[in-house]
Amino acid sequence: MTATRIDGKGFAAQMRGRIADQVAALKQEHGITPGLAVVLVGDDPASQIYVRSKHRQTVEAGMQSFEHRLPSDASQSELLALIGRLNADEQVHGILVQLPLPPHIDESEIINAIAVRKDVDGFTVANAGRLATGQRAMVPCTPLGCLMLLRDRLGDLSGKDAVVIGRSNIVGKPMAALLTAENATVTVAHSRTRDLPEVVRRADIVVAAVGLPGMVKGDWIKPGATVIDVGINRTGDGLVGDVDYDSAAQVADAITPVPGGVGPMTIACLLANTLTACCRMNGLGDPEGLTL
Ligand code: NAD
């Protein structure tokens with residue numbers, strides 16, 4: 001069997017098209033332009049690439065993009081002051097602080113200074129708590145993108161066995177919360193999990209978010225499973241995921257490639273969250289087909 005390749009790139013392009021249409025309508029009918037502010041501290045090369053591509057796609061969707069670049073020795077209080085200004089700026093509907101921040105910065109204090117309604121990454125404690133307790137939240141972009149691909153592929157996820165590998169605050173934990181809310185039976189596996197291959201073999205849905213190239217092998221996958229590979233690992237062979245694609249594709253029903261799977265969905269979901277934040281801030285209904 002060779003699995004269906006889940007086309008995250010194409011799905012994300014369609015989503016961006018729908019976002020651009022709704023942004024245009026918002027401008028025309030209400031004179032409002034959604035705005036996203038991105039804060040980048042220092043010159044980490046991977047972060048530079050992400051920020052550039054976020055800027056380009058924000059502008060292409062018809063939104064305003066505000067970039068704030070600070071030197072790597074920027075202080076905690078400078079950053080807090082900037083977040084304070086962005087919180088108060090009516091043209092800014094979404095605020096994203098590119099991670100990682102330099103080691104002298106208290107990352108958690110910076111993230112939690114972001115106004116909850118502008119927290120389009122969904123990383124504040126308030127949004128994480130809302131998601132965990134089933135209240136309306138800003139949902140972190142990467143797991144939101146994964147869930148959209150899963151729903152598109154499988155429809156109802158009720159009763160499915162899902163294994164999420166990785167328990168980070170930005171991917172694993174919110175992914176588990178989303179799958180639980182979809183009535184899947186969720187196992188969160190991590191670095192201390194005993195006999196990971198055996199745990200993964202139970203899963204109808206596997207979400208791998210670890211950061212180890214090709215860690216998940218084809219013989220870990222239950223025949224017919226759906227595999228979502230969040231990993232982005234730079235190797236001598238270029239970008240690869242956490243799943244050994246070739247062997248997993250022999251067994252799975254469907255699998256996301258790296259690149260071209262989850263990655264493009266993350267930025268599309270960031271734009272969706274910015275549009276959602278803008279609509280909510282202006283007392284308008286949520287945009288169509290872009291929230292859960
Ligand atoms: P992280 O380092 O914060 O967390 C990794 C998790 O993997 C931890 O919870 C750890 O317990 C678990 N882990 C480590 N070794 C393990 C092992 N041997 N077996 C099982 N679990 C193990 O990473 P993260 O920020 O969640 O990112 C994970 C991967 O996803 C990285 O490759 C990252 O680049 C990628 N990522 C991709 C996107 C995207 O847009 N596609 C977004 C965010 C992260």
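Along the sequence shown, the residues carry numbers beginning at 1. Order of appearance sets the numbers: ligands from 1, and atoms from 1 within every ligand.
Contact analysis leaves Ala189 out of contact with ligand 1, as no non-hydrogen atom separation drops below 4.0 angstrom. Under the 4.0 angstrom criterion for non-hydrogen atoms, Thr193 is not in contact with ligand 1. Ligand 1 is never approached by Gly172 to a heavy-atom distance shorter than 4.0 Å.
Both the backbone and the side chain of Ile232 come within 4.0 Å of ligand 1, counting heavy atoms alone.
When hydrogens are left out, the protein atom nearest atom 8 (C) of ligand 1 is Arg167 N, 3.9 Å; that is the closest non-hydrogen contact. Of the protein's non-hydrogen atoms, Val230 O, 3.1 Å is the one closest to atom 37 (C) of ligand 1. Among all protein heavy atoms, the one lying closest to atom 18 (N) of ligand 1 is Leu212 CD1, 3.7 Å. Shortest contact from atom 43 (C) of ligand 1 to any protein heavy atom: Val171 CG2, 3.8 Å. Looking only at heavy atoms of the protein, atom 25 (O) of ligand 1 is closest to Ile170 CD1, 3.5 Å. The protein atom (non-hydrogen) at minimum distance from atom 3 (O) of ligand 1 is Ser168 CB, 3.3 Å. Scanning the protein heavy atoms around atom 11 (O) of ligand 1, the nearest turns out to be Ser191 N, 3.2 Å. In this structure, the protein non-hydrogen atom closest to atom 2 (O) of ligand 1 is Val210 O, 4.2 Å.
Neither side chain, Arg52 nor Gln57, offers a donor N or O lying under 3.5 Å from an acceptor on the other. Of the N and O atoms on the side chains of Gln76 and Glu109, at least one donor lies less than 3.5 Å from an acceptor on the other residue. Side-chain atoms of Asp119 and Thr124 form a donor-acceptor pair, as typed in the model, at a separation below 3.5 Å. There is no side-chain donor-acceptor pair under 3.5 Å between Thr276 and Thr291. Side-chain contact, Thr274 with His93: no donor N or O sits under 3.5 Å from an acceptor N or O.
Annotation: side chain of Leu157 is in contact with side chain of Leu150 (closest heavy-atom distance under 4.5 Å). Proximity of Ile6 to Thr226: side-chain heavy atoms (C-beta onward) are separated by under 4.5 Å at one or more points.
In summary, Arg151 and Glu182 engage in a salt bridge, as defined by a charged side-chain N under 4.0 Å from a carboxylate O. A salt bridge links Asp253 with Arg153: the closest approach of a Lys/Arg side-chain nitrogen to an acidic carboxylate oxygen falls below 4.0 angstrom.
Clustering ILVMFWY residues whenever any of their side-chain heavy atoms sit less than 4.5 angstrom apart, transitively, puts Val227 in a cluster other than the one holding Leu149.
Under a 4.0 Å criterion applied to the non-hydrogen atoms of Asn233, ligand 1 contributes the atoms 32 (O). Residue-ligand proximity, Ile165 to ligand 1, at heavy-atom distances under 4.0 Å covers atoms 20 (C), 21 (N). Close approach to Val262 involves these atoms of ligand 1, each under 4.0 Å from a residue heavy atom: 41 (N).
Inclusion of Asp242 in the set of residues having an N or O under 3.5 Å from an N or O of ligand 1 is not warranted.
Inside a 4.0 Å radius of atom 27 (O) of ligand 1 there is not any protein heavy atom.
Ranked by closest heavy atom to atom 40 (O) of ligand 1, the top entry among Val199, Val258, Thr266 is Thr266. Comparing Ile228, Thr256, Leu196, Val240 by heavy-atom distance to atom 19 (N) of ligand 1, the nearest is Leu196.
A donor-acceptor pair is defined here as one N or O able to donate and one able to accept, closer than 3.5 Å; no such pair exists between the side chain of His30 and the backbone of Ile32.
Of the candidates Gln28, Met63, Arg18, Met63 is the only one forming a side chain to side chain contact (heavy atoms under 4.5 Å, CB included) with Val23.
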